[in-house]
J.: 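Quick one: the structure is below, questions incoming.
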Amino acid sequence: DVKVTQSSRYLVKRTGEKVFLECVQDMDHENMFWYRQDPGLGLRLIYFSYDVKMKEKGDIPEGYSVSREKKERFSLILESASTNQTSMYLCASSLRREGTNEKLFFGSGTQLSVL
Amino acid sequence: AQSVTQLDSQVPVFEEAPVELRCNYSSSVSVYLFWYVQYPNQGLQLLLKYLSGSTLVKGINGFEAEFNKSQTSFHLRKPSVHISDTAEYFCAVSLIGGYQKVTFGTGTKLQVIP
């Protein structure tokens, strides 16, 4: 079965720190996504990537950047963490197949607290 | 751009009663539609999806959804719920073609009452 691994389950950082959230998938998926999940707001797409070194902004990219140097790894970067970035961060991946849309496989999430 | 609206943030229902969770989408082009479920303290998993063909889609755990293009809806239904169905349900949409970006709704918490 597909495994999407997020490096940390819980993370506590201070305001202004640079934060790296790492995500690795083991099924050779082309598509990778970063979402944040907040109560009452559902999942909001931050960035996604459809190939190595390729990225597209999602709905809420402000304050975030991403890196995809290898196919299996997709990193989310908070250049200067702020308290409003306290959230659950979910990574997902999917196979890219023409003419259809394959299901997303999610990691278990990283609960980030910015103090 | 695509968007999804889930009007009901919480739906309480008695065990063995039927349930419908509502989802409406907005898009200027054709879409794929999905329902994902998140059980307490677990990750999200796919419940069912509509890509094309029959507008009635059956998923896991006895759930089904009907795609209605004229009403831009994709409501999720189950004829008889169990305690184990207590979870948060998310509707999602993706444009046909393009980069396969998936946009989620705000979620509906289904609370099954014994």
Side-chain angles (χ1 to χ4, degrees), chain A residues 1-6 9-10 23 25 29-51 53-61 66 68 74 87-111, chain B residues 1-10 21-27 29-53 57 59-60 67 74 87-109:
Chain A
D1 208 3
V2 175
K3 193 168 183 181
V4 179
T5 303
Q6 294 184 230
R9 184 71 179 93
Y10 298 96
C23 176
Q25 50 94 4
H29 284 174
E30 291 82 7
N31 299 327
M32 295 190 76
F33 306 79
W34 275 107
Y35 292 90
R36 61 177 283 178
Q37 183 178 12
D38 300 286
L41 297 178
L43 278 74
R44 292 179 292 167
L45 182 63
I46 304 171
Y47 268 97
F48 67 103
S49 169
Y50 53 91
D51 205 345
K53 297 190 186 295
M54 307 305 289
K55 61 185 179 184
E56 289 289 327
K57 291 181 180 179
D59 300 313
I60 52 163
V66 291
R68 190 152 180 217
F74 192 36
S87 185
M88 172 67 81
Y89 289 87
L90 297 175
C91 176
S93 73
S94 70
L95 191 63
R96 182 176 179 82
R97 192 169 284 170
E98 295 301 318
T100 186
N101 194 316
E102 297 295 325
K103 70 176 182 180
L104 297 177
F105 290 85
F106 282 88
S108 53
T110 295
Q111 178 62 53
Chain B
Q2 71 263 37
S3 66
V4 176
T5 301
Q6 294 181 249
L7 289 172
D8 305 306
S9 59
Q10 295 191 45
L21 306 183
R22 297 180 295 168
C23 171
N24 288 88
Y25 69 92
S26 174
S27 173
V29 299
S30 297
V31 298
Y32 298 125
L33 292 157
F34 309 83
W35 277 98
Y36 283 81
V37 59
Q38 186 175 36
Y39 296 105
N41 300 314
Q42 292 187 31
L44 279 91
Q45 57 183 284
L46 182 69
L47 201 57
L48 50 79
K49 64 181 179 182
Y50 172 78
L51 301 180
S52 64
V57 180
I60 61 173
F67 170 58
F74 190 55
E88 191 160 17
Y89 294 79
F90 294 92
C91 185
V93 64
S94 179
L95 299 183
I96 293 178
Y99 294 125
Q100 302 184 347
K101 166 186 168 181
V102 182
T103 300
F104 284 80
T106 52
T108 297
K109 289 185 178 177

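First the proteins, then the strands, lettered A, B, ... as listed; each starts at 1. All values below were derived from every heavy atom in this structure, side-chain atoms included, with hydrogens, water molecules and symmetry-related copies excluded.
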J.: Which of the residues B/T103, B/L46, B/V4 is involved in the greatest number of heavy-atom pairs with chain A at under 4.5 angstrom?
T.: B/L46
J.: Salt bridge check, A/D38 against A/R36: does any charged N sit closer than 4.0 Å to a carboxylate O?
T.: yes
J.: Between B/D8 and B/R22, is there a side-chain N and carboxylate O pair less than 4.0 Å apart?
T.: yes
J.: Could you look at B/Q38 and say if it's the side chain, the backbone, both or neither that has a heavy atom under 4.5 Å from chain A?
T.: side chain
J.: Can you tell which part of A/L45 gets under 4.5 Å to a heavy atom of chain B, answering side chain, backbone, both or neither?
T.: side chain
J.: What part of A/L90 lies closer than 4.5 angstrom to a heavy atom of chain B: side chain, backbone, both or neither?
T.: side chain
J.: Quick one: what part of A/Q37 sits under 4.5 Å from any heavy atom of chain B, side chain, backbone, both or neither?
T.: side chain
J.: If you apply the rule side chain to side chain donor-acceptor pair (under 3.5 Å), what do you find for B/Q6 with B/T108, and how did you get there?
T.: CA-CA 7 Å; B/Q6 294 181 249; B/T108 297; 3.3 Å; yes
J.: Given heavy-atom pairs under 4.5 angstrom as the criterion, report whether the side chain, backbone, both or neither of B/E88 touches chain A.
T.: side chain
J.: Any side-chain heavy atom of A/Y35 sitting closer than 4.5 Å to one from A/Y89?
T.: no
J.: Going by heavy atoms in the side chains, are B/L33 and B/Y25 under 4.5 Å from each other?
T.: yes
